[in-house]
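One-based numbering along the sequence shown. Start at 1 and go down the list; that is how both ligands and their atoms are numbered.
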Amino acid sequence: MDGRVLVTGGAGYIGSHTVRRLLQNGYKVVVLDNLSKGHTWAVPLEVPLVIGDIADIGLVAQTIRQLGVTSVIHFAAFSLVGESMSDPRAYYSNNVAGTLRLLDAMRVTGTSCIVFSSTAAVYGEPARVPIDEDSVLHPTSVYGRTKLAIEGMLEDYAAAYGLRYISLRYFNAAGADPGGGIGEVHNPETHLIPLVLQAASGRRPFVEVFGTDYATADGTCIRDYIHVSDLADAHILALQSLDKQQKGVYNLGSSQGFSVRQIVSTAEGVVGHPIPVVESGRRSGDPAVLVASNVRARAELGWNPSMTDLEMILRTAWEWEQNRPRT
Ligand code: UFG
């Protein structure tokens, strides 16, 4: 805990929640964010915010040296599956090439510890659920392939240069820090829960349900929604675990699956009125069911997600939807 933690993408959704948790746990932090997706309001005033790119080796090395950085939590990335299919170059450039340069800035400064934001998208269409970390890695999207490429890069840098890393494969991040003044704001918004709640608040006329003919109980896709504050906790534990282990890969999910229809009906209970829904066709690339086994993260990191009740997750997201900055 001696040095400072560099949080790339710390002005984004999961990054800003992790910055809060780091501060609560007594860590010193610096955020590096190019603000292409992040928001300055999401970074606490007491945290230095360096506006710039992970690909800028000079800037990253200077930040590391000047602010005494000893470890990195790396969120900065493009993360939209659909967009990755239509603009793969942007994803390979920003995610893969950008991370390569970040790792090189770490090498030249002798910074050896990194916690990396990976994704359930590395599994693609899973052969079985719940999905454990030894499942086949066969991403069906460019986004998933960029994250898997980075996982490989970390493994190779660990073997050759002694890098210490943890890859955290997130399932569906959801909710907001209760009372924390931060939450999910993507532009454009593509994620189910914020879209459902925007339809509830009248900011949108309706929410679309993408596909009602999946081989699930109610015909809609099942996902594993995990509260963003529980995700943030896992990053602290992962950082601490790098004192004891050189590398690790962990799924972060609740191990419970909910269908799109269950999300809508539970949200209706939270907001207290019906939410307008329009049923439409499948969104390309969506697997029917993605549910994590989180056994390894519990056993090895001591992770114990506490906000796993769907209604509670939706309550925190609803509170945020009503109070968020209007963009
Ligand atoms: N959905 C709708 N209507 C919408 C938006 C989404 O029905 O307007 C459905 C999707 O089809 C999917 C579910 O709601 O079945 C969840 O969709 P999200 O877009 O909220 O999340 P994804 O599961 O597609 O994506 C998440 C992360 C990605 C990550 C992926 C891993 O956001 O970064 O999980 O599979 F790659």
Any pair counted as side-chain hydrogen bond (donor to acceptor under 3.5 Å, both in side chains), so long as it reaches residues 170-183, sequence neighbours left out:
S117-Y170, Y170-H235
Among N294, L231, I313, which residue meets the side-chain contact (heavy atoms from CB on, under 4.5 Å) test with I226?
L231
Can you classify the ring geometry of W41 versus W320 as parallel (below 30°), tilted (30 to 60°) or perpendicular (above 60°)?
tilted
Which residue, T316, D233, T308, forms the side chain to side chain donor-acceptor pair (under 3.5 Å) with H227?
T316
So R223 and D286, do their side chains get closer than 4.5 Å, heavy atoms only?
yes
Using the ring of each side chain (for Trp, its six-membered ring), is Y143 parallel, tilted or perpendicular to Y91, with breaks at 30° and 60°?
perpendicular
Using heavy atoms and a strict 4.0 Å limit, residues surrounding ligand 1 turn out to be S79, V81, T119, A121, Y143, N172, T190, H191, L192, L195, E208, V209, F210, C221, R223, Y225, V260, R283, D286, L290
